[in-house]
Participant: 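Right, I'll just put the structure down here and ask away after.
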Amino acid sequence: AQGSVTASPSQYDGEYDCPVTVGTPGVTLPLDFDTGSSDLWVFSSELPASERSGHAYYTSSSSSTSKLDSGETWDISYGDGSGAEGNIYIDKVTIGGITVTSQAVEAAESVSSEFVSDTSNDGLVGFAFDSINTASPNHVQTWFGNAEAQLASPVFTANLKKGKAGNYNFGYIDSSEYTGSITYATINSANGFWEFSASGYAVGSGAFSSQSIDVIADTGTTLIYLPAAIVKAYYAKVSGSSNSASAGGYIFPCSATLPSLTIGIGSYKAVVPGTFLNYAPNTGSTCFGGLQSNAGIGLSILGDVFLKSQFVVFNQGVPKIGFAPG
Ligand SMILES: O=C(NNC1=NCCC1)c1ccc(Br)cc1
């Protein structure tokens with residue numbers, strides 16, 4: 001089998017949401033696909049009505065195929081401080097025409113304010129490794145982990161776009177979605193992430209600095225987070241930029257012309273256009289950067305600002321990750 005699903009950007013490309021059908025009869029919910037976590041959870045009838053406001057949700061008792069996963073709970077906290085928790089049902093989940101008949105569906109009983117106010121999604125689908133799934137006392141498998149048995153190849157691809165719909169594909173690599181060749185990096189999945197070593201960086205037309213940068217590819221994180229020294233070198237080329245405590249990061253005049261950012265993956269030079277690095281308006285005539293410091297995170301993150309400039313292959317069989325110009 002093979003599948004494909006549309007990925008729709010929220011405002012400012014903050015996240016990319018995809019239709020997922022759960023239960024019988026199916027309820028279709030826009031879920032945030034997140035390669036930085038490994039829980040599939042949904043807004044549910046078990047939430048207080050105040051926390052469901054503005055959201056569609058899953059009602060397990062209305063699904064003839066749902067079965068309580070007795071004794072199992074989940075409780076997740078994300079890097080941005082948001083979180084959710086609840087209990088678990090086993091039910092049918094279909095994405096892009098691929099149906100997993102016994103998927104652990106984590107039903108939310110409580111969600112943080114960030115999720116209540118983010119009405120772009122009604123939950124998340126985690127595409128990282130099972131080791132960081134939060135279900136307790138037993139891990140449950142990701143949807144992709146369960147779907148792999150149906151796929152010709154243990155791969156999914158991300159073809160995210162700036163300001164318009166892209167897509168995720170499952171089980172195959174569509175050569176019409178990229179140019180040139182795909183360059184792969186070995187994945188170290190010990191931390192449960194799509195983690196690998198980038199080979200260096202360049203700012204605009206400047207010299208490429210060869211250095212190993214430990215990064216994760218995370219579709220659930222909006223921006224790019226790199227070591228402070230690299231970020232400082234980037235904004236040194238942006239007139240009027242500053243690292244603003246009140247804004248929570250680097251800002252600059254919205255009239256600035258931003259240099260591109262190149263990230264090395266092996267010998268491949270992945271270029272993020274300067275226009276992608278003006279993330280969104282801040283206050284007044286200042287704008288907030290799509291590149292920020294990883295200080296306090298402990299790892300560097302290639303989030304959507306980077307990923308939407310590339311065609312990305314996530315191969316869970318090896319595991320390895322591949323990049324090509326989108
Ligand atoms: O939470 C993380 N990614 N996903 C999501 N963020 C917000 C909603 C979903 C995340 C993962 C690894 C590191 Br290191 C930092 C952050």
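We count ligands from 1, going down the list as the structure has it; atoms in each ligand are counted the same way.
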Participant: Can you tell me if Asp32 contacts ligand 1 (heavy atom of the residue under 4.0 Å from the ligand)?
Facilitator: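 No, Asp32 has no heavy atom closer than 4.0 Å to ligand 1.
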
Participant: For the residue pair Asp91 and Thr65, confirm or rule out a side-chain donor-acceptor distance under 3.5 Å.
Facilitator: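 Per modelled atom types, Asp91 and Thr65 side chains form a pair under 3.5 Å.
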
Participant: Counting non-hydrogen protein atoms only, what is the nearest one to atom 1 (O) of ligand 1? Give residue, atom name and distance.
Facilitator: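 The closest one turns out to be Gly79 N, 2.9 Å.
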
Participant: Starting from atom 10 (C) of ligand 1, what is the nearest protein heavy atom, named by residue and atom, and what distance separates them?
Facilitator: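 Residue, atom and distance for the closest contact: Asp218 OD2, 3.5 Å.
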
Participant: So Leu226 and Leu291, do their side chains get closer than 4.5 Å, heavy atoms only?
Facilitator: yes

Participant: Give the ring-plane orientation class for Trp143 versus Phe127, where under 30° counts as parallel, over 60° as perpendicular and anything between as tilted.
Facilitator: perpendicular

Participant: Could you check, using the six-membered ring where one of them is a Trp, whether Phe196 and Phe323 have ring centers closer than 6.0 angstrom?
Facilitator: yes

Participant: If you have a sec, work out which protein heavy atom is nearest atom 6 (N) of ligand 1 and how many Å separate them, to one decimal?
Facilitator: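 Heavy-atom neighbour on the protein nearest atom 6 (N) of ligand 1: Gly220 O, 3.3 Å.
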
Participant: Taking only heavy atoms of Gly36, which atoms of ligand 1 are found under 4.0 Å from at least one of them?
Facilitator: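 The list of qualifying atoms is 11 (C).
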
Participant: Just to confirm my output: which protein heavy-atom neighbour is closest to atom 12 (C) of ligand 1, and how far is it?
Facilitator: Ile216 CD1, 3.4 Å

Participant: For residues Asn138 and Glu72, is any side-chain donor paired with an opposing acceptor at under 3.5 Å?
Facilitator: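 There is such a pair (donor and acceptor under 3.5 Å, judged by atom type) between the side chains of Asn138 and Glu72.
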
Participant: Only heavy atoms of Leu124, strictly under 4.0 Å: list the atoms of ligand 1 that pass.
Facilitator: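 In order of numbering, the contacting atoms are 9 (C).
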
Participant: Would you mind listing which atoms of ligand 1 come within a distance below 4.0 Å of any non-hydrogen atom of Ile301?
Facilitator: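 The list of qualifying atoms is 13 (C), 15 (C).
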
Participant: Any idea how Phe170 and Phe144 line up, ring-wise: parallel (<30°), tilted (30 to 60°), or perpendicular (>60°)?
Facilitator: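 The rings of Phe170 and Phe144 sit tilted, inter-plane angle from 30° to 60°.
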
Participant: For ligand 1, which atoms, with element, lie under 4.0 Å from some heavy atom of Thr221?
Facilitator: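 Listed by number with element: 3 (N), 16 (C).
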
Participant: Which atoms of ligand 1 sit under 4.0 Å from any heavy atom of Asp80?
Facilitator: 7 (C)

Participant: Quickly, which of Phe115, Tyr16, Phe33 forms a side-chain contact (heavy atoms from CB on, under 4.5 Å) with Asn121? Name it, please.
Facilitator: Phe115

Participant: Considering only the protein, which heavy-atom contact is closest to atom 4 (N) of ligand 1, and what is its distance?
Facilitator: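 Atom 4 (N) of ligand 1 sits closest to the protein heavy atom Asp34 OD2, 2.9 Å.
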
Participant: Do Leu223 and Tyr279 have side-chain heavy atoms sitting under 4.5 Å apart?
Facilitator: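 Leu223 vs Tyr279: side chains touch.
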
